Amino acid sequence: MRPLLNWALSGLGVWIVAHIIPGFRVSGWVSALIAALVIGFVNATLGMFLKIVTFPLTLLTLGIFWLVINAAMIELASAIVPGFRVDTFGAAFWGAIVLSLVNMFLRWLAGTGKERA
């Protein structure tokens with residue numbers, strides 16, 4: 001049940017970000033849910049690989065390069081999902097930052113965040 005709730009919250013996060021960030025567009029709820037699913041899948045596969053490969057660069061930039069990778073993963077997801085569009089890399093960059101903050105807040109609000117041991 002928790003993964004389904006997290007997916008719905010991520011879809012809500014994508015929808016909220018589309019209303020906050022100019023150039024970050026979603027055509028409806030279905031597109032937001034599919035975009036959340038694709039963003040999660042791309043981040044878990046290709047994004048994780050890129051984060052491992054570029055770890056030295058991430059250390060040099062004190063972690064800021066991970067934001068660039070997250071923005072690239074959102075750009076890739078927008079190329080795959082119909083009804084989800086990101087106009088510029090800048091919109092993807094700021095969208096990645098706001099999306100992570102919105103998702104963190106929504107999961108805290110719903111109580112579905114990682115529990116501490």
Side-chain angles (χ1 to χ4, degrees):
M1 188 68 171
R2 184 176 286 210
L4 198 59
L5 180 60
N6 282 333
W7 174 50
L9 291 173
S10 293
L12 177 62
V14 169
W15 186 77
I16 290 171
V17 170
H19 285 79
I20 294 173
I21 303 295
F24 202 98
R25 300 191 175 126
V26 105
S27 65
W29 283 99
V30 175
S31 295
L33 288 171
I34 294 171
L37 189 66
V38 171
I39 289 169
F41 179 73
V42 167
N43 263 333
T45 56
L46 183 61
M48 187 57 64
F49 173 74
L50 287 175
K51 286 177 183 176
I52 291 169
V53 169
T54 62
F55 188 70
L57 183 58
T58 302
L59 283 176
L60 286 175
T61 61
L62 303 176
I64 294 174
F65 193 72
W66 275 359
L67 296 173
V68 173
I69 293 173
N70 286 339
M73 297 303 101
I74 288 177
E75 285 267 351
L76 180 61
S78 75
I80 296 171
V81 177
F84 174 57
R85 194 173 114 204
V86 179
D87 293 337
T88 63
F89 188 79
F93 182 81
W94 290 108
I97 293 170
V98 174
L99 183 61
S100 65
L101 293 173
V102 167
N103 277 339
M104 188 175 19
F105 176 73
L106 289 175
R107 289 192 175 129
W108 171 79
L109 200 62
T112 63
K114 292 182 180 179
E115 296 177 7
R116 297 182 181 181

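Keep in mind it's a predicted model, so treat the numbers as computed, not measured.
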Next item on the list: Scan for side-chain hydrogen bond (donor to acceptor under 3.5 Å, both in side chains) pairs involving residues 56-67, sequence neighbours excluded, and state none if there are none.
Entry: Thr58-Trp66
Next item on the list: Establish whether Trp94 and Val86 are linked, either directly or via other cluster members, by ILVMFWY side-chain heavy-atom contacts under 4.5 Å.
Entry: yes
Next item on the list: Kindly indicate whether the side chain of Phe24, heavy atoms from C-beta on, has any atom under 4.5 Å from the side chain of Val98.
Entry: no
Checklist line | same_hphob_cluster(Leu62, Leu60) at 4.5 Å side-chain heavy-atom cutoff | finding: no
Check: Do Ile74 and Phe84 touch side chain to side chain, with heavy atoms closer than 4.5 Å?
Finding: yes
In a table with atom names and distances, give each donor-acceptor pair under 3.5 Å that connects a side chain of residues 37-48 to protein atoms at least two apart or in another chain.
from: Thr45; atom 1: OG1; to: Phe41; atom 2: O; distance (Å): 2.9
from: Thr45; atom 1: OG1; to: Val42; atom 2: O; distance (Å): 3.4

Notebook entry, point to check: Would Phe105 and Leu109 satisfy side-chain contact (heavy atoms from CB on, under 4.5 Å), going step by step from the backbone distance to the final call?
Noted result: CA-CA 6 Å; Phe105 176 73; Leu109 200 62; 4.1 Å; yes
Check: Could you give all pairs that pass the side-chain hydrogen bond (donor to acceptor under 3.5 Å, both in side chains) test and reach residues 21-34, with sequence neighbours left out?
Finding: Arg25-Asp87, Ser27-Ser31
Check: Who else is in the cluster with Met1 when I, L, V, M, F, W and Y are joined by side-chain contacts under 4.5 Å?
Finding: none
Note to self: With clusters defined by side-chain heavy atoms of hydrophobic residues (ILVMFWY) lying less than 4.5 Å apart, directly or transitively, does Ile52 cluster with Leu50?
What the structure shows: no
Checklist line | For Thr88 against Ala91, the heavy-atom pair lying closest together | finding: OG1-N, 3.1 Å
Note to self: Once side-chain hydrogen bond (donor to acceptor under 3.5 Å, both in side chains) is applied, what residue pairs with a partner in residues 70-84 remain, sequence neighbours excluded?
What the structure shows: Lys51-Asn70
Notebook entry, point to check: Which pair of non-hydrogen atoms, one from Ala96 and one from Ala71, has the smallest distance, and what is that distance?
Noted result: CB-N, 4.1 Å
Check: Around Phe55, counting heavy atoms of other residues, nucleotides and ligands shown, do more than 12 lie under 6.0 Å from its CZ?
Finding: no
Side-chain donor-acceptor contacts of residues 9-21 below 3.5 Å, not counting sequence neighbours, with atom names and distances?
from: Ser10; atom 1: OG; to: Asn6; atom 2: O; distance (Å): 3.0
from: Ser10; atom 1: OG; to: Arg107; atom 2: NH2; distance (Å): 2.8
from: His19; atom 1: ND1; to: Trp15; atom 2: O; distance (Å): 2.8

Check: When hydrophobic residues are tied together by side-chain contacts of less than 4.5 Å, even through go-betweens, does Trp7 share a cluster with Val26?
Finding: no
